[in-house]
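Read the structure below first, then the notes.
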Amino acid sequence: MFNRSRRNLASWFTLSMGSILLIFAGILYYQESIQQLEVLDLILYKKARVITASVRYKDYQGQKRVFLKHLPVLGNNPPADSEIIYARWYDTKGQLKHYFGELTQQKFNQKFAYQTLKITNNSGVSSQVIWLREITLPVKYKGELIGYLQMAMPMNRVQELLNRFLLLLISTILIALGITSLTGWFLSGIAMQPIHQSYQQLERFTAHASHELRTPLAAILSNAQVGLLASMEDSASKHMRLEKVAEVAKSMNTLIGNLLFLARRTGRLTPESLKNVDLNELLAELLNSQSVKTAAEHLNLQSDLPKSPIVMCVDAELISLAVINLLGNACKYTPAGGMVELRLFTKYSQAIIEVEDNGIGISAVDLPHIFEQFYRVEQHQKNSANSFGLGLAIAQQIIEAHGGHLSVKSELGKGSVFQIKLPL
Ligand code: ADP
């Protein structure tokens, strides 16, 4: 699926870049052909001017007449310019008076003009198509119109140049397309990476979630079945089984709650959920809550909160949940008689909440993974009946949604410090 999307992305990229290149090449080719045509027209004009410079217009038997015999190409001398295919002289009324080269039947327009013509040269068995550029030049003598010179040159030099230019353009486009498709493939790979990662994460999440849900469900089922098998009179056994079912269902409820939380709360928080909260007061309330007191009854729970309030715009409920998760872990993974401390202070325009314990600690091997969903340290499992490896992932998600950062320092056998940094 990802390879197909990557291929699609790369092809669309190449296609769009290719179209842009083609349009660009088309414009370049058009500009070049216009330029080459202008050069040819200039040559044609200059040649025509050279020819017309020798026209004589004199009195002959009382009438003004045009004399063409001294003209190059059209005159008595043989043409020195082999590039001229034909040259024609028309009088002021548009009547053909003299010509050199081929004579084709075409309409004569009495005005200065350039024209591109296509003629077919039938030599022997094969016929050849030749493109010509023709000029029609009105000739004046002392301001008076005395006739028109029309002449044509072949366009093969221009065509050759344009063909060479076209070849260069095509090869450049092909190379550019090759590079574009490689770049497209590479870029689409980069673009697909986060999608691929999220997909893998989702797959992992679903696999873990179903695995975690299957275990308590199996426990509920087996307890219910054993309870059903017990005799009607054995109410003690039935009661015990029901208690087990209730206990497992409770933990399942917690797990489903956690899963829903992780699935729903992605990205940043909405502005409506944020309110100005005094963190000092919030943490003090947490320490006094019954759940924290129960969790820490076997420990020495201390706190170091500042005297003055630290007011921040946060979602109080979520921040409490993150701190409760950290405090809960600290209590869970610290043996009886140990110490757990909750601190709050500000540093470099950040509010910092620290939860420190002198419990069992986390090894360097497990430390990089503990924020991953469903990750649990194997050796700690006896300390945690109701642990799914989601508490830290939830805490991290909450803190990051507030634009903050959650980090940990821990040493096996010595204890851990979890630190929440929130921008003020
Ligand atoms: P759990 O529900 O298993 O506690 P968490 O995501 O909260 O899930 O924690 C992940 C793992 O990190 C726990 O299984 C535990 O092994 C380890 N851990 C978390 N906090 C502490 C702590 N304060 N001391 C030692 N280990 C801890």
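Whatever order the structure lists them in is the order used to number ligands and atoms, beginning at 1. Note that the structure is predicted; figures quoted are calculated from it, not measured. Just so it is clear, the values below take in all heavy atoms, side chains as well, and ignore hydrogens, waters and symmetry mates.
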Under 3.5 Å between some N or O of ligand 1 and some N or O of [X]?
X: L392; value: yes
X: R376; value: no
X: I362; value: no
X: I360; value: no

Does ligand 1 have a heavy atom under 4.0 Å from the side chain of F418, from its backbone, from both, or from neither?
->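 Only the side chain of F418 comes within reach of ligand 1.
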
What part of N325 sits under 4.0 Å from ligand 1 if we count only heavy atoms: the side chain, the backbone, both or neither?
->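 None of N325 does.
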
Would you please name every residue forming a ring-ring contact (aromatic ring centres under 6.0 Å, His included) with F418, sequence neighbours left out?
->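 ring-ring contact (aromatic ring centres under 6.0 Å, His included) list for F418, sorted by chain: empty.
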
Considering the heavy atoms of G391, write down every atom of ligand 1 situated less than 4.0 Å from one of them.
->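 Counting atoms of ligand 1 from 1, those under 4.0 Å from G391 are 5 (P), 6 (O), 7 (O), 8 (O).
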
Within a distance under 4.0 Å of any heavy atom of V377, pick out the atoms of ligand 1 and give their elements.
->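 The list of qualifying atoms is 14 (O), 16 (O).
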
Step by step, would you call N358 with V340 a side-chain contact (heavy atoms from CB on, under 4.5 Å)?
-> CA-CA 7 Å; N358 61 358; V340 170; over 6 Å; no

Can you tell me if CE on M240 sees more than 12 non-hydrogen neighbours from other groups inside 6.0 Å?
->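 Enclosed.
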
May I ask you to decide whether R204 forms a salt bridge with E372, counting only side-chain N to carboxylate O separations under 4.0 Å?
->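 So R204 does not pair with E372 through a salt bridge.
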
Report the relative orientation of the aromatic rings in Y148 and F108; use parallel for angles under 30°, tilted for 30 to 60°, perpendicular for over 60°.
->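 Plane angle over 60°, so perpendicular.
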
Is there a heavy atom in G361 that sits closer than 4.0 Å to ligand 1?
->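 It does, in that a heavy atom of G361 comes within the 4.0 Å cut-off of ligand 1.
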
For E411, enumerate each residue passing the side-chain hydrogen bond (donor to acceptor under 3.5 Å, both in side chains) test, keeping only those at least two apart in sequence or located in another chain.
->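 By the side-chain hydrogen bond (donor to acceptor under 3.5 Å, both in side chains) rule, E411 matches K414.
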
